[in-house]
Number of protein chains: 2
Amino acid sequence: MTSRLAWPAFEEPMPPPSDPSSPQRRDPLSRPRVVRAAITYIDAHGLGQLTMRRLAATLGVEAMSLYKHVSGRDHLLDAMVDALLADLHGHDDVQPEAAFDWRDYLRRVAHGVRAIAQQHPQIFPLVATRPPAAPWIQPPLRSLEWIESFLRTLRSHGFGDRQAVDAYKAFNSFLLGHLLLEVANQQVPINPEDRADPPDEEARFEAAAVALDGYPTVAGLARLLAEDTASLEFASALESLLVRLSGLVDGQTISGSEGTGG
Amino acid sequence: MTSRLAWPAFEEPMPPPSDPSSPQRRDPLSRPRVVRAAITYIDAHGLGQLTMRRLAATLGVEAMSLYKHVSGRDHLLDAMVDALLADLHGHDDVQPEAAFDWRDYLRRVAHGVRAIAQQHPQIFPLVATRPPAAPWIQPPLRSLEWIESFLRTLRSHGFGDRQAVDAYKAFNSFLLGHLLLEVANQQVPINPEDRADPPDEEARFEAAAVALDGYPTVAGLARLLAEDTASLEFASALESLLVRLSGLVDGQTISGSEGTGG
DNA sequence: ACCTGAACACCGTTCAAGT
DNA sequence: ACCTGAACACCGTTCAAGT
């Protein structure tokens, strides 16, 4: 059995935000409800299937009603991405106080973001590719809340300004590369009905293998290439990154632009 | 001045493929011509602006004519991605014979792919996120031609089977993370007209900085965060990866699944 | 035999007319 | 004052009617 990374379900019904201005009538259409419905829809049917009209139908309303709560399809996509990261940011395991040291903190955050990618493989590409709202925001840790707590935590563990920023960027690259590769690999065309159907790995392999004439090296290594080693690679590359960042705390620099300040 | 990475233009008119079956009338609509026009169009106007109808207009035909050469919009996107990587694969600098050793080879390929990302920032997200056609294909080096020469080159330099495959995966993660981060950062909303207009970095910075109340750490590090250190980070992370892969040649393993076979 | 106009079944979004 | 039906300006794609 593949060792799935366990993580508390982000889907669980959340307590309604304690916002006194929300009327709370019988199932009022609200922005969070629209965003949550969109996430559920994409998880089930894929990004390409999400239209304003179909999403509205899911909620029992007409498409135009959605425009009261989100200002358009593009903004809705951004809101989904934000909601996913905000959920993680509120999670106990990634609070700075929960971490033993900065390495532990980075491991917790890394596995938290990985859990998001695995629970929402159809949405994660959006987390990676939607243009950031400001020059200091980078995917996938792309909210001010995240950057703030991330940088503050590193500094509280002895990182200097430049070192913390270098670590933020290096950490983001690492997450982006590994998680995007992972979700790309498991991106099999979705037939909305037979989701339970595991795509018969062996049959898929055989079908694809016929086209390998003329590529002897690939053919010879096909089994190794198709092997799912994502979890191990992720862990291995993460530890390697932590080693690299350790050197950084000891005074080295990654983006090292010493000299421009005079 | 920012040190742009120089690379021969992939856009240059290529000699027509020596395919005797192509009639070569006056400007016949061909698949390569459609694909090339699509790349040019997205570079100029952005992915969201590409429609079959508008692309057809660019070529002086109606939309339906395109379906003779590409079987639909999705296939066109895949064809664009393939074309970009095929161009690079044909380039002198990334031929195995051109490389001094495997490190040199990986550096050449890395900078080649980075050049693609920088020349086609609107298209690179597609390279990263389009679902691969087979389980052994991973972005961004996502063609059998690339995998074949990549793996063969590493093996000719002493990599074992598992080591070569581990290196392929680690290299792809590295490229994906860094290049996607880079193009995401420079993703500024495009007004088709004023492309020459450099978005006045300082003004953009000031405008975005007003919203930093409540995020003192980000505010304090905003300048460092917004600094464009992508080239240095890329080089630094690449060297770090090469060190990691060196250990791998010496017999260590990344995905290390020793034990499941016994 | 080949090409393409008109048409189909959708989109996102707007806005006037309804309550 | 608020909500929404009908409408607008598009999509990707098909297919019959033209040459």
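Chain A is the first sequence line, chain B the second, and so forth, proteins listed ahead of strands; every chain is numbered from 1. Just the heavy atoms: all of them, side chains too, but no hydrogens, waters or symmetry mates, feed the values below.
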Asker: When you compare C/dC8 with D/dG18, how far apart are their P atoms, in angstrom units rounded to a whole number?
Answerer: 16 Å
Asker: Tell me which residues in residues 56-76 of chain A put a heavy atom below 4.0 Å from DNA chain D, sorted by number, or none.
Answerer: A/Glu62, A/Met64, A/Ser65, A/Lys68
Asker: Quick one: do A/His89 and A/Ser143 satisfy side-chain hydrogen bond (donor to acceptor under 3.5 Å, both in side chains)? Show the steps, please.
Answerer: CA-CA 10 Å; A/His89 189 252; A/Ser143 72; over 6 Å; no
Asker: Ring centres of A/His120 and A/Phe124 under 6.0 Å apart?
Answerer: no
Asker: Is A/Arg54 near enough to C/dC11 that one of its side-chain N or O atoms lies under 4.0 angstrom from OP1 or OP2?
Answerer: yes
Asker: State the CD1-CG distance between B/Ile116 and B/Leu85, to the nearest 0.5 angstrom.
Answerer: 4.5 Å
Asker: Quick check for you: to the nearest 0.5 Å, what is the distance between A/Leu84 atom CG and A/Ile123 atom CD1?
Answerer: 5.5 Å
Asker: Is the NZ or CZ atom of B/Arg54 both under 6.0 Å from the centre of the six-membered ring of B/Tyr41 and within 45° of that ring's axis?
Answerer: no
Asker: Whole Å only: how far is the CD atom of A/Gln49 from the C1' atom of D/dG12?
Answerer: 13 Å
Asker: Quick one: B/Leu55 CG to D/dT13 C1', roughly how many Å, whole number?
Answerer: 15 Å
Asker: Distance alone, cut at 3.5 Å: any donor-acceptor contact between the side chains of A/Thr51 and A/Arg73?
Answerer: no
Asker: Run the salt-bridge test on A/Arg130 and A/Asp74 with the 4.0 Å N-O cut-off and return the result as yes or no.
Answerer: yes
Asker: Please find out if less than 6.0 Å separates the ring center of B/Phe150 from that of B/Phe171.
Answerer: yes
Asker: Find which nucleotide of DNA chain C each of B/Arg53 and A/Leu50 is nearest to by heavy atoms, and output the residue with the more 5' nucleotide.
Answerer: B/Arg53
Asker: How would DNA chain D look in dot-bracket form, 5' to 3', counting Watson-Crick and G-U wobble pairs with both distances under 3.5 Å and writing | for bases paired to another strand?
Answerer: ||.|||||...|||||.||
